[in-house]
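Before any comments, here is the structure.
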Amino acid sequence: MVESFSQRVYDVVRRIPEGKVATYGQVAALAGAPRSARFVGFALHSNPEPGVIPCHRVVFRDGSLAPGFAFGGPEVQRELLENEGVVFVPPSESAGEAAGADGWRVDLRRCQWDA
DNA sequence: GGGTTGACCACGA
DNA sequence: ATCGTGGCCAACC
């Protein structure tokens, strides 16, 4: 009756409050696998319950979103997060445009989920 | 049933 | 400071 790691990941992601974002590593750690951040992305890619699991609230350690992300468009994701109160910062505000999602990154300093 | 890959992160040089 | 490799777990072929 051990719940699969992926199942636990979904549970953690589901707990992420609105206006907050969690990193894959953080979700992985909360799921019980601090070194399995990779699988977290896999589990979310599986997205067994679309609409229930806010995968868009899960971002990279850098604060950038996953490349190849497909909710309908990366720009949609930015709007979704902004709509929830997540603060985005342009690459100009931060040295390093080598980030995904048009270079827009989430301000983890303010919006990273504090479990 | 076994091998490989995968929305990553941390450490070593 | 940056670049490269390892590691973790599970699903896919």
Side-chain angles (χ1 to χ4, degrees):
Chain A
M1 60 142 283
V2 275
E3 297 174 47
S4 299
F5 175 65
S6 37
Q7 193 66 47
R8 188 140 48 201
V9 172
Y10 305 137
D11 188 45
V12 174
V13 176
R14 200 185 305 163
R15 291 183 193 172
I16 302 176
E18 297 180 352
K20 292 267 176 115
V21 290
T23 65
Y24 287 97
Q26 185 158 8
V27 174
L30 292 172
R35 300 305 206 255
S36 297
R38 299 214 291 196
F39 188 71
V40 177
F42 241 166
L44 294 179
H45 184 154
S46 244
N47 202 0
E49 303 185 67
V52 182
I53 303 175
C55 324
H56 58 271
R57 287 185 195 152
V58 187
V59 297
F60 282 86
R61 213 40 176 105
D62 297 327
S64 54
L65 302 174
F69 184 88
F71 279 98
E75 44 191 80
V76 176
Q77 184 174 13
R78 175 158 57 88
E79 200 164 307
L80 276 168
L81 292 172
E82 284 189 319
N83 186 15
E84 294 188 346
V86 177
V87 180
F88 269 75
V89 274
S92 304
E93 295 293 310
S94 202
E97 72 278 2
D102 296 333
W104 285 76
R105 303 194 297 179
V106 180
D107 192 346
L108 295 176
R109 296 170 300 186
R110 302 202 330 144
C111 296
Q112 184 170 107
W113 178 35
D114 182 19

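Here is the naming used below: chain letters follow the sequence lines, and residue numbers restart at 1 for every chain.
Between A:Gln112 atom CD and B:dC9 atom P there is a gap of 11 Å when expressed in whole angstrom units. As a whole-Å value, the separation of A:Leu44 CG from B:dA7 P is 12 Å. Whole-Å rounding puts the A:Phe42 CZ to C:dA11 P distance at 10 Å. For the pair A:Leu65 CG and B:dC8 P, the computed distance is 12 Å after rounding to whole Å. Here C:dA11 presents its C1' atom at 13 Å from CZ of A:Phe5, a figure rounded to the nearest Å. C:dT5 atom C1' lies 11 Å from atom CZ of A:Arg38, rounded to whole Å. For A:Asn47 and C:dA11, the CG to P distance is 15 Å, given to the nearest whole Å. Here the C1' atom of nucleotide B:dA7 and the CD1 atom of A:Ile53 are 14 Å apart, to the nearest Å.
Annotation: salt bridge (charged side-chain N to carboxylate O under 4.0 Å, His left out) contacts involving residues 106-115 of chain A, sequence neighbours excluded, comprise A:Asp107-A:Arg109.
The shortest distance between side-chain heavy atoms of A:Glu79 and A:His56 does not fall below 4.5 Å.
Between A:Gly41 and A:Tyr24, the shortest heavy-atom contact is CA-CE2, 3.7 Å. Heavy-atom minimum distance, A:Leu108 versus A:Asp62: CD1-C, 3.8 Å. Taking every heavy atom of both residues into account, A:Ser36 and A:Ala28 meet most closely at C-CB, 4.1 Å.
Residue-to-nucleotide contacts include no donor-acceptor pair under 3.5 Å from the side chain of A:Arg61 to the base of B:dC9.
By the side chain to side chain contact (heavy atoms under 4.5 Å, CB included) test, A:Arg14 is found to be paired with A:Tyr10, A:Asp11, A:Glu49, A:Val52, residues two or more places apart in sequence or in another chain being considered.
Within the model, atoms CH2 of A:Trp104 and CG of A:Leu81 stand 12.5 Å from one another, a figure rounded to the nearest 0.5 Å.
With C1' as the reference atom, C:dC3 and B:dA7 are 22 Å apart, rounded to whole Å.
Proximity of residues 27-37 of chain A to DNA chain C (heavy atom under 4.0 angstrom from any strand atom) is restricted to A:Arg35, A:Ser36.
In the set B:dC9, C:dA11, B:dG6, the nucleotide with an atom closest to the side chain of A:Thr23 is B:dC9. Among the nucleotides B:dC9, C:dG7, C:dA10, the one closest to the side chain of A:Phe39 is C:dA10.
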